[in-house]
Amino acid sequence: MDFNSTVKGSLLEGFYPQGWDMEKIDKCCDPANKVEDRQSFWNKDFNPVRCDSLGEFDTYMGHEIAKTIKNARDAGEKVAFILPVGPMGMYKWAVYFLKEWNVKCDHVYTFNMDEWSDSEGTTLPSNDPAAFQNAMCQALFNPLGELTVPESQRNFATKENLPTYPEKIAKLKSEGAKLILVYGIGRMCHIAFWEPQFAGEFKSVDEWKSQCYRIGAKLHPLTIEQNAITSFKSRTTLVPCRANTIGPGLFLQADYAIGGCDGAFNRGMQWQGMSFWMTLRYGPDMWITSSFIPTLPGKLFYLKDLEGPLVAECN
C-alpha cells in the first residue's frame, strides 16, 4: 500500500513538512541498505560507529568527548563544545575518563544548543528539574568537581545569552579553538531544535545555512511527542511547545562532530531508526536538518537495533 495515497484526505495531510519526499524517505529505509556503504556526500572523515548495547554506546561516546578535551589540553589549545541534553548517558563516562586522566577543563568553553521556552523565549528557572541547564550541571559540571568548566565559560540558551553565541564562538575560533558539535538526532531529523518546517521560510539553502539561532521556536508535534516519551514519562502536558535553539549557521561551523542515536526500546520497539537512515542516505537538504551531518567530519555512534530491518512487527 502506497503511503502517499493513504495520507491524502487523512488527518496526516499537511502534517509532515511540505519538502519531505516520502518515496525517497522510504528508499532510505530499504532493508537492503548497509550502514557501511559510504555515500558520495559523506565527508571522508565521517564514520558511523555501531554499538551493541546502551552501555557500550554511553562509554564510547563519553570517551570520544573526554579524549577531545584531553587532546586540546595536551596541545595547549582552547576548545569549544556545542552540547545537547539528549543523549545524556555519555556525560557520566566523560566525567569518569577526565577524572581518571586528571584533566582540568579550564580550557573548555561550552554552549548548550537549546532550552525549553515560551513564545517570548523565556526559559524555565535554571534549577527546574526539566531545565537543560539543570541537567547539564547535574550530569557534567558538578560531578567534575575541581576539574570542571569555569562557570564564566558555560553558555546556556536563554533569550539574553543565545544571541551572543555567534560572536563568542567566532572569537574562540579566531584564537585557534576548535568547535566540537555533540548532538542527537530528533524524530523529525532536527539537530538541536532546528525543525524541518523552518525550511519553508527561506528562499535558498544558503539563506537557511546562515541562520544562527531562533528564540521561542515552534516545535513540531512529533518532537513534542518524542520528548514526552523520552523525557517526561509519556506526560505530554508537561512538554513545552517551544524552545530557544541554535541553527545551522552555528552547528555547520563544527570542526568535528560527535553524534549519538540511542532511540531503541525493549521488545524490539524504537523511535529513531527512520531518522537515522534519513540522516545517512537522504543527501543534504534543508528540509531534513540532520541530512547535513554526514558532510561534517566526526563519528556517529548508534545502537545496532537502529540498523533494522525497519519492517512491520507486532510487539
Side-chain angles (χ1 to χ4, degrees), residues 61-62 64-73 76-99 101-117 121-184 191-193 212-215 231 243-247 249-251 253-258 260:
M61 199 170 173
E64 191 74 11
I65 293 169
K67 182 180 70 172
T68 303
I69 291 172
K70 183 180 186 299
N71 288 347
R73 182 81 187 179
E77 299 172 345
K78 296 178 179 179
V79 62
F81 280 84
I82 294 174
L83 295 175
V85 175
M88 287 292 284
M90 70 280 191
Y91 289 128
K92 68 180 178 182
W93 284 103
V95 169
Y96 173 84
F97 288 115
L98 290 169
K99 282 188 167 182
W101 301 332
N102 195 33
V103 178
K104 194 169 184 180
C105 296
D106 56 1
H107 64 303
V108 177
Y109 295 75
T110 64
F111 297 84
N112 257 72
M113 57 172 49
D114 45 26
E115 180 62 90
W116 302 118
S117 79
T122 302
T123 54
L124 297 170
S126 61
N127 62 349
D128 189 288
F132 292 169
Q133 181 171 346
N134 181 60
M136 290 303 303
C137 288
Q138 297 302 318
L140 180 64
F141 299 130
N142 293 351
L144 279 171
E146 62 183 13
L147 301 177
T148 198
V149 178
E151 287 191 31
S152 62
Q153 293 167 203
R154 307 173 193 172
N155 289 275
F156 300 100
T158 64
K159 64 180 178 181
E160 297 82 15
N161 195 44
L162 182 57
T164 71
Y165 279 23
E167 183 178 357
K168 289 177 177 177
I169 289 173
K171 183 176 185 295
L172 286 165
K173 293 194 82 168
S174 73
E175 295 169 350
K178 295 289 192 299
L179 179 63
I180 312 300
L181 170 66
V182 183
Y183 66 92
I191 299 298
F193 277 130
C212 289
Y213 63 89
R214 180 166 293 201
I215 301 294
S231 300
N244 298 337
T245 182
I246 64 166
L250 293 183
F251 62 73
Q253 288 188 42
D255 297 292
Y256 191 76
I258 303 169

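Given the structure is predicted, the values throughout are model-derived calculations rather than measurements.
- Distance check, rounded to the nearest 0.5 Å: SG of Cys137 to CD of Glu151 gives 7.5 Å.
- Ring orientation note: the planes of Trp93 and Phe97 are tilted relative to one another, at an angle of 30° to 60°.
- Asn244 contributes a side-chain N or O that, together with a main-chain N or O of Ala157, makes up a donor-acceptor pair within less than 3.5 Å.
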task = Test side-chain contact (heavy atoms from CB on, under 4.5 Å) on Lys70 and Lys67 and set out the steps.
result = CA-CA 5 Å; Lys70 183 180 186 299; Lys67 182 180 70 172; 5.6 Å; no
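- Side chains of Thr164 and Asn161: a donor on one and an acceptor on the other come within 3.5 Å.
- One distance of note links OH of Tyr165 with CZ of Phe156; it measures 8.0 Å at 0.5 Å rounding.
- Ile169 CD1 to Ile246 CD1: the interatomic distance, rounded to the nearest 0.5 Å, is 7.0 Å.
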request  = Test side-chain contact (heavy atoms from CB on, under 4.5 Å) on Ile69 and Cys105 and set out the steps.
outcome  = CA-CA 7 Å; Ile69 291 172; Cys105 296; 4.0 Å; yes
Which side-chain N or O atoms in residues 76-91 pair as donor and acceptor under 3.5 Å with protein atoms at least two apart or in another chain?
unit_1, atom_1, unit_2, atom_2, d
Lys78, NZ, Glu175, OE1, 2.9
Tyr91, OH, Pro84, O, 2.7

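- Counting heavy atoms of neighbouring residues, nucleotides and ligands inside a 6.0 Å radius, atom NZ of Lys178 does not exceed 12 of them.
- To the nearest 0.5 Å, atom OG1 of residue Thr245 and atom CD of residue Glu115 are 11.0 Å apart.
- With a 6.0 Å radius and a threshold of 12 heavy atoms from other residues, nucleotides or ligands, Glu160 has its CD atom above the threshold.
- Remark: side-chain polar atoms of Lys168 are not paired, donor with acceptor, to backbone N or O of Asn155 under 3.5 angstrom.
- Of all the heavy atoms in Pro166 and Pro163, the pair that sits closest is CD-O, 3.4 Å.
- Here Ile180 contributes atom CD1 and Tyr109 contributes atom OH; the two are 15.0 Å apart, rounded to the nearest 0.5 Å.
- Listed here is the closest heavy atom pair of Pro125 and Ala131: O-CB, 3.4 Å.
- Interatomic distance, CG of Leu172 versus CD of Gln153, reported as 8.5 Å (0.5 Å rounding).
- In this structure a side-chain-to-backbone donor-acceptor pair under 3.5 Å is present from Arg154 to Val149.
- Evaluation of the side chain to side chain contact (heavy atoms under 4.5 Å, CB included) rule for Lys104 yields Arg73, Asp106, Leu147 as partners, not counting sequence neighbours.
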Val182/Met61 under side-chain contact (heavy atoms from CB on, under 4.5 Å): CA gap, chis, key distance, verdict = CA-CA 9 Å; Val182 183; Met61 199 170 173; 4.0 Å; yes
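- In this structure, the side chains of Phe132 and Trp116 come closer than 4.5 Å at one or more pairs of heavy atoms.
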task = Please assess Phe251 against Met113 for the test side-chain contact (heavy atoms from CB on, under 4.5 Å), listing each intermediate value before the final yes or no.
result = CA-CA 9 Å; Phe251 62 73; Met113 57 172 49; over 6 Å; no
